[in-house]
Amino acid sequence: MTDQLRDGRLHHLLTLEGLPRPLLERLLERADALRPDALHGRAARGMLAGRTVVNLFFEPSTRTRTSFELAARRLGADVVNFDAGLSSTRKGETLGDTLRTLEAMGVDAFVVRHAADSALAELAAQAAGRTRLVNAGAGKRDHPTQGLLDMLTLRQCKGTDFSRLRVAIVGDIRHSRVARSDLHALRTLGTGEIRVCAPRALLPEPAELAGCERVERVDDAVAGVDAVMLLRLQRERMEDGLVPSLDAYFRDYGLTPERLALAAPDAVVLHPGPMNRGVEIADAVADGPQSLVLQQVSNGVAVRMAVLEALLG
Ligand code: CP
């Protein structure tokens with residue numbers, strides 16, 4: 001996906017693939033600086049005054065939609081949450097016509113979640129020059145702000161030198177836009193070692209795993225790593241039968257306290273949410289001291305503020 005940079009600046013945020021490292025690092029640094037305003041402060045309230053952001057979500061979301069709304073409000077923008085279920089898309093209006101209709105009402109930025117991998121590229125080709133687009137999760141391909149908030153969370157715990165990091169990505173990589181965005185970002189930041197572990201049926205094409213080490217057994221994948229990045233089983237995108245049973249999946253791939261004990265003593269655990277407890281993660285890990293799940297959520301507001309500011313500020 002191209003066309004997200006103009007004159008070296010972010011025009012849309014469609015993907016982390018190919019995003020230059022200095023730009024990615026500037027977004028992370030800005031998000032870190034905005035954290036007090038993301039959660040409690042009011043200092044940023046004037047930054048996007050007079051701007052309008054529409055959340056255009058065609059798939060369910062708790063974290064991404066709410067944090068984009070909070071991010072836009074905390075920057076002072078007007079926010080509209082488009083209700084796809086009550087909209088004229090139900091009468092057959094196309095995505096492009098929906099975009100142009102809302103553009104005509106003076107909307108500056110669209111935050112879009114859609115089931116189609118290509119949705120954001122299609123919108124980018126049709127958007128007016130002044131419109132900004134943010135990918136809030138498209139198909140199996142991209143979830144760039146999740147990738148950014150995961151990197152911010154890792155940096156906060158492990159420092160900025162990713163070349164020292166050993167990371168294991170465990171779970172349904174094949175259907176995961178989070179995994180793809182994390183992989184783009186981890187590679188761009190020069191991560192020392194990236195291991196991937198999944199049942200064969202849940203692995204993507206080998207080309208998508210360039211630079212990663214594929215490990216069969218989860219015990220071997222997590223051994224000695226600094227961070228375990230778990231992925232949700234994306235049952236809504238999966239043909240039946242790819243996983244024999246949820247119990248078998250937990251037995252073979254679930255992160256339990258016993259498995260986590262094989263990682264480095266100060267290893268951290270990330271999960272983008274929503275979690276399938278007892279499927280990819282045990283309760284004791286999800287709620288344990290090494291879990292960064294809620295820190296990821298908090299960072300989501302700051303990252304989305306940094307992105308909206310970069311696009312509209
Ligand atoms: N991680 C994530 O995208 O969560 P939501 O689907 O709740 O937005």
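What you are looking at is a predicted structure, and each value in this text was computed from that prediction instead of being measured. Scope of the values below: all heavy atoms of this structure, side chains included, with no hydrogens, waters or symmetry mates. For ligands, and for the atoms within them, numbers begin at 1 and follow the listed sequence.
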Give a yes/no on ligand 1: does Gly137 have at least one heavy atom closer than 4.0 angstrom to it? no

State the CZ-CD distance between Arg200 and Glu216, to the nearest 0.5 angstrom. 5.5 Å

Give a yes or no answer on whether the side chain of Asp172 reaches the backbone of Gln234 with a donor-acceptor pair at less than 3.5 Å. yes

In terms of atom number and element, which parts of ligand 1 are under 4.0 angstrom from non-hydrogen atoms of Thr64? 2 (C), 3 (O), 4 (O), 5 (P), 8 (O)

Pairs where residues 62-103 contributes a residue and the test ring pair (Phe, Tyr, Trp, His ring centres under 6.0 Å) is met, not counting sequence neighbours: Phe58-Phe82

As an exercise, identify every atom of ligand 1 less than 4.0 angstrom from a heavy atom of Thr62. 5 (P), 7 (O), 8 (O)

Here the atoms of ligand 1 under 4.0 Å from any heavy atom belonging to Gln146 are 1 (N), 2 (C)

With the threshold set at under 4.0 angstrom, would you say Arg113 reaches ligand 1 through any of its heavy atoms? yes

So Pro204 and Leu209, do their side chains get closer than 4.5 Å, heavy atoms only? yes

Say whether Pro272, considering both its backbone and side-chain N or O atoms, lies within less than 3.5 Å of an N or O atom on ligand 1. yes

Under 4.0 Å from a heavy atom of Gly273: give me the atoms of ligand 1 that qualify, with their elements. 1 (N), 2 (C), 4 (O)

Would you check the N or O atoms of Arg63, main chain and side chain alike, for any that come under 3.5 Å of an N or O of ligand 1? yes

Could you give all pairs that pass the salt bridge (charged side-chain N to carboxylate O under 4.0 Å, His left out) test and reach residues 71-85, with sequence neighbours left out? Glu69-Arg73

Do Leu148 and Leu16 have side-chain heavy atoms sitting under 4.5 Å apart? yes

